[in-house]
Amino acid sequence: MSCSIARTLEVAGEPWSPLILRNVWVGLTRFDQIQRDLGISRKVLAERLKWLVEQDVLERQAYSERPPRYEYRLTEKGFELVDVLLAITAWGDRWTAGDVGPPALLRHRNCGELTHAELRCAHCFEPLHASDVDVEPGPGARPPRSPD
């Protein structure tokens with residue numbers, strides 16, 4: 001499909017992948033750690049990890065030779081996908097956390113302050129919202145379908 005959203009969801013759109021990526025990002029990098037935290041079946045977790053490695057979102061690194069054991073690390077592509085999860089987190093914190101507040105806080109390493117994800121225009125640096133954007137065909141767009 002000629003749609004960046006659809007292509008992204010093909011890589012990480014089923015329910016477990018974003019949670020697996022979150023766990024690896026926060027430091028739960030070993031199979032057993034991820035499985036225990038999510039309560040996901042070992043079979044499904046193995047399939048999702050294999051897929052995410054094949055998609056170059058995660059990479060496997062051996063941490064034991066006997067028995068062979070691996071941990072998972074985010075690739076550059078994976079870190080950029082976690083940036084998307086930060087935006088989802090900001091939305092969830094605002095609209096689903098209720099009176100108890102968000103379950104986790106984000107502290108920016110550079111300045112030391114608590115923060116949240118916020119989209120900004122790459123040119124003028126103003127906040128970027130869907131209501132402020134017009135969508136135009138890009139170089140990868142399909143030609144319009146002709147009426148039958």
Side-chain angles (χ1 to χ4, degrees), residues 1-61 70-148:
M1 181 177 274
S2 181
C3 172
S4 293
I5 294 171
R7 291 176 186 154
T8 302
L9 292 175
E10 174 68 24
V11 173
E14 56 74 49
W16 290 115
S17 290
L19 300 176
I20 292 167
L21 294 174
R22 176 208 60 197
N23 278 16
V24 171
W25 176 57
V26 301
L28 301 175
T29 61
R30 296 181 179 181
F31 186 96
D32 289 340
Q33 292 174 319
I34 299 167
Q35 195 275 328
R36 191 171 31 255
D37 184 67
L38 295 179
I40 184 175
S41 80
R42 297 180 72 79
K43 178 181 183 279
V44 171
L45 179 56
E47 290 169 356
R48 295 317 309 156
L49 287 168
K50 181 176 184 270
W51 172 255
L52 292 167
V53 168
E54 288 171 357
Q55 298 303 307
D56 194 34
V57 173
L58 293 176
E59 62 185 9
R60 280 182 5 149
Q61 293 181 342
Y70 299 90
E71 60 186 358
Y72 296 86
R73 299 286 182 197
L74 292 166
T75 62
E76 180 181 0
K77 188 175 178 181
F79 272 108
E80 287 193 19
L81 191 50
V82 171
D83 290 345
V84 174
L85 298 181
L86 289 175
I88 292 171
T89 299
W91 185 90
D93 289 350
R94 178 171 181 186
W95 296 102
T96 69
D99 293 336
V100 297
L105 300 174
L106 304 175
R107 186 170 304 279
H108 188 218
R109 287 188 194 123
N110 286 354
C111 71
E113 296 296 326
L114 290 175
T115 192
H116 61 275
E118 188 173 279
L119 292 174
R120 297 215 169 252
C121 175
H123 295 281
C124 70
F125 306 108
E126 290 291 318
L128 187 64
H129 301 285
S131 58
D132 301 327
V133 175
D134 295 320
V135 178
E136 301 174 2
R142 276 192 307 220
R145 293 181 187 178
S146 59
D148 292 333

Is any side-chain heavy atom of [Y] closer than 4.5 Å to one of [X]?
| X | Y | value |
| --- | --- | --- |
| Leu81 | Thr8 | yes |
| Gln35 | Ile20 | no |
| Arg73 | Glu59 | yes |
| Val53 | Tyr72 | yes |

Asp32 and Arg42: side chain to side chain contact (heavy atoms under 4.5 Å, CB included), yes or no, with the steps?
CA-CA 9 Å; Asp32 289 340; Arg42 297 180 72 79; 3.2 Å; yes
[X] [atom1] to [Y] [atom2] distance, which is reported to the nearest 0.5 Å:
| X | Y | atom1 | atom2 | answer |
| --- | --- | --- | --- | --- |
| Glu71 | Thr29 | CD | OG1 | 4.0 Å |
| Leu74 | Trp25 | CG | CH2 | 9.5 Å |
| Asn23 | Trp16 | CG | CH2 | 10.0 Å |

Which donor-acceptor pairs under 3.5 Å do the side chains of residues 88-106 make with protein atoms, sequence neighbours left out?
{"unit_1": "Thr89", "atom_1": "OG1", "unit_2": "Leu85", "atom_2": "O", "d": "2.8"}
{"unit_1": "Thr96", "atom_1": "OG1", "unit_2": "Gly92", "atom_2": "O", "d": "2.6"}

Which residue pairs satisfy the side chain to side chain donor-acceptor pair (under 3.5 Å) criterion with at least one member in residues 46-58, sequence neighbours excluded?
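Qualifying pairs, neighbours excluded: Glu14-Arg48, Ser17-Arg48, Lys43-Glu47, Lys50-Glu54.
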Where do Leu52 and Val11 come nearest, in terms of heavy atoms and distance?
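Looks like CD2-O, 4.1 Å.
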What pair of heavy atoms forms the shortest contact from Ile34 to Leu28, and how long is it?
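Where Ile34 meets Leu28 most closely, the heavy atoms are CG1-O, 3.3 Å.
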Has Gln61 got more than 12 heavy atoms of other residues, nucleotides or ligands less than 6.0 Å from its CD?
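For Gln61, atom CD is crowded (more than 12 foreign heavy atoms under 6.0 Å).
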Could you work out, with side chain to side chain donor-acceptor pair (under 3.5 Å) as the rule, every residue matching Arg107, not counting sequence neighbours?
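Listed in chain order: nothing, the list is empty.
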Which atom pairs, one a donor and one an acceptor, fall under 3.5 Å between side chains of residues 114-128 and the rest of the protein, sequence neighbours left out?
{"unit_1": "Glu118", "atom_1": "OE2", "unit_2": "Arg120", "atom_2": "NE", "d": "3.3"}
{"unit_1": "Glu118", "atom_1": "OE2", "unit_2": "Arg120", "atom_2": "NH2", "d": "2.4"}
{"unit_1": "Arg120", "atom_1": "NH1", "unit_2": "Phe125", "atom_2": "O", "d": "2.9"}

Who passes salt bridge (Lys or Arg N to Asp or Glu O under 4.0 Å) against Arg36, sequence neighbours left out?
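Expected list: none.
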Could I get the full list of salt bridge (Lys or Arg N to Asp or Glu O under 4.0 Å) partners for Arg109, not counting sequence neighbours?
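Not a single residue meets the salt bridge (Lys or Arg N to Asp or Glu O under 4.0 Å) criterion with Arg109.
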